[in-house]
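Written below as structure tokens is the structure these notes are about.
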Amino acid sequence: MARLTDPVTILKGVGAARAKQFAVLNIFTLEDLICHFPRGYEDRNQLVTIRQLQPGVSACFRAMVANTPRTAHIRKGLDMTKVQVADTTGRLNLTFFNAKYAAEQLQYGKEYFFYGAVNGDYAGYDMTNPVFEAVDAPPAVTRRILPVYPLTAGLSNAVMGKTIRQALELCPVPQEIIPEEIRRKYDILPAERAYTAIHEPQTMQEAESAKRRLIFEEFFVFSAGLSLMRAARAEVSCEIYRDTELSAFYEALPFQLTGAQTKVIGQILADFQKGTPMNRLVQGDVGSGKTMVAAAAAFCAVRNGYQVGLMAPTEILAEQHFKSLERLLTPLGIRVGLLTGSMTPKNKALIRQQIAQGELDFIIGTHALVSDQTKFAKLGLVITDEQHRFGVGQRSALSAKGDAPHLLVMSATPIPRTLALLLYGDLDVSILDELPPGRQSVDSFLVGESYRPRINAFIRKQAEQGHQCYVVCPAVEQTDGMSLKAATEWAQTLQDVVFPDLKIALLHGQMKGAEKETVMASFARGEADVLVATTVIEVGVDVPNATLMVIEDADRFGLSQLHQLRGRVGRGSAKSYCILTTHNRNEQTIARLKALCKTTDGFAIAQEDLKLRGPGDFFGSRQSGLPAFRVASLGTDLQTLTTAQQASKDWIEAYGISDSPEASALRQRIGVLFDRCMGTMN
Ligand code: ADP
Ligand code: MG
């Protein structure tokens, strides 16, 4: 017997070269092989007669070779073998190219099983390169359900299948971690059967059940892992913040907090009193005032002698937070610092030194904050802003910077429940369900290119009233064959041709950090009338004087992203507008953009977006933060997640997170899954 942890090279036919190919697919051990699941199946179980064969549809049939195969040499490197086969319903001509084996193996008068599709272009049907095997041979390529595997160059499906079967014969499948009563309750196959049947199903139904079991298993492990993290956290103790007096902070604010802000701050202060680290998500639509909630929490932590780290997803946002929070908090005696990747090495080193020596209280930055080089003197609270892309793993990396610090996650993307569970299942949730008073809803319109003169006139009108506009483009630079508006060229055109008398600024992600900051700061001071930008302004940017946002080729963006972008206007007291342009005539596309114009409910928009695009795209392709599941598809299996979550609760109720052998097997699997989640996030 081999072990799951043995390398693939112990298998017959797997040498160094093969092992390299497997490595491309992240397959190193027998377990990796056994867990390399098919992406689909070909049902070759059904036998048809020659007469029943349909053009273009692959099928299995049994037939006798009706003549001696003849091979003709067509040209160099091309041999053609022709043979006729027959059953009681008809005859069929087979053609093989460069198939010496066919010429050698197919014998006149003998019967074989074939699998292939007839070409349908002329009366006498004909089939090219079918696969076949003798009627007394064990079913390998015919009369079975053939798993279709994810492959890589040089590695054929047949080799993959054979190697996996070899592993299954040599080695026990991964240990059962779902107890029988839970399997029975949720109608789940045992591990032994599932791992075998997923690779060698007897029926399509069995393949389905096996897949369901394995999806369930992944979600079960994941949910149990989250529960474990919660339980573990409850055991960690931290100092209680004695001082929760925030009146100095409240008095420094230029406005009164909303009821929702006050409520959420109250929840945070309560967390600070518990003696265990807080893990809280604050969800609030764009403009609901999350930053002030973060500031209140930071103020409290600093008053209690701790440092606070606030991590933002972009430098622009980090810098903006730094400026506004520094202005607010410095007079209150809090030393605020900024750390971003684009700072000079010298400045970074200086700031890091101040962080390490406790000379800064509140450090705002990008992920430079969590790099190994950043060491905190006494980190008590970690805040991440707009970080719906950060997963479980990254949050724990962040927390590891301190001695069990409190964690506050702020997100403007209202996340559908199931998905929230994947990303935030380990967090308590607060909702900011109230906008500061005086906010106006942003009027939104969807228009075609024919409206260009009116859009331009509207931009001019806003500028004449002393207001500013954003113009968002889907690309930075024009590329061949793309008709998308590109920020660089469009900014030039607006400046040179359309608005020579206005000041047009340009901002995109490929610019240097310092350059971006200069542009943004100057726009915030009102020095430009129009800011042409890419989605770098998607999150957080706050210029209350901006009253119009034009989003070019709006169909290129996700709905939630459009909603975020739109949140950049309507932040002041003046009426604000959002204009979406599109060339797209697809009915569905138009319908969803129109729907966005009609609603300002971020939750409804997120739901719609998720339905349309699936969770991967929902968060953008980079750094989704979603766990890396092997079988489970986040697009289609979210229902199973809810069931598995219930099952993991049942499990923990029945077994506890004790030191039982059951628990340790599960713990180990949790470790593996969470490690893999971490791996996908950097
Ligand atoms: P978001 O939740 O999108 O991060 P911000 O924290 O950026 O929102 O707040 C948006 C704007 O509203 C900022 O200009 C902020 O100063 C202002 N703001 C926050 N809270 C209030 C309040 N209670 N009353 C008035 N304005 C507020
Ligand atoms: Mg914000």
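Counting starts at 1 for both ligands and their atoms, following the listed order.
Atoms of ligand 1 found under 4.0 Å from any heavy atom of Thr258 (numbered from 1 in listed order, with element): 23 (N). Remark: ligand 1 atoms within the under-4.0 Å shell around heavy atoms of Leu257 are 23 (N). The ligand atoms of ligand 1 that sit less than 4.0 angstrom from a heavy atom of Gln256 are 22 (C), 23 (N), 24 (N). Interface atoms of ligand 1 facing Asp542, defined by a heavy-atom separation under 4.0 Å, are 13 (C), 14 (O).
Arg452 has a carboxylate O that lies under 4.0 Å from a charged side-chain N of Glu552, or vice versa, which qualifies the two as a salt bridge.
A ring-centre distance under 6.0 Å is not found for His406 and Tyr306.
In this structure a side-chain-to-backbone donor-acceptor pair under 3.5 Å is present from Ser576 to Ala574.
Relative to atom 7 (O) of ligand 1, the option among Arg571, Glu434, Lys290 with the closest non-hydrogen atom is Arg571. With Thr291, Thr262, Val293, Leu432 as candidates, the residue nearest to atom 5 (P) of ligand 1 on a non-hydrogen basis is Thr291.
Note on ligand 1: Gly284 sits outside its first shell, no heavy atom being nearer than 4.0 Å. By the 4.0 Å heavy-atom criterion, Pro544 is excluded from the residues contacting ligand 1.
Using a 4.5 Å cut-off on side-chain heavy atoms (C-beta onward), Phe249 and Leu328 make contact. Looking only at side-chain heavy atoms (C-beta outward), Tyr577 and Val569 stay at 4.5 Å or farther from each other. With contacts defined as side-chain heavy-atom distances shorter than 4.5 Å, the pair Tyr470/Val543 qualifies.
Of the polar atoms of Gly289, at least one N or O is found under 3.5 Å from an N or O of ligand 1, judged by distance alone. At a 3.5 angstrom cut-off on N or O pairs, Pro436 does not count as close to ligand 1.
Residue Gly309 comes nearest to Leu379 through the heavy atom pair N-CD1, 3.7 Å, listed as atom of the first residue, atom of the second, then distance.
The side chain of Gln261, and not its backbone, has at least one atom closer than 4.0 Å to an atom of ligand 1 (non-hydrogen atoms only; side chain from C-beta on).
Of the candidates Asp601, Thr600, Asp285, His563 forms a side chain to side chain donor-acceptor pair (under 3.5 Å) with just one, namely Asp285.
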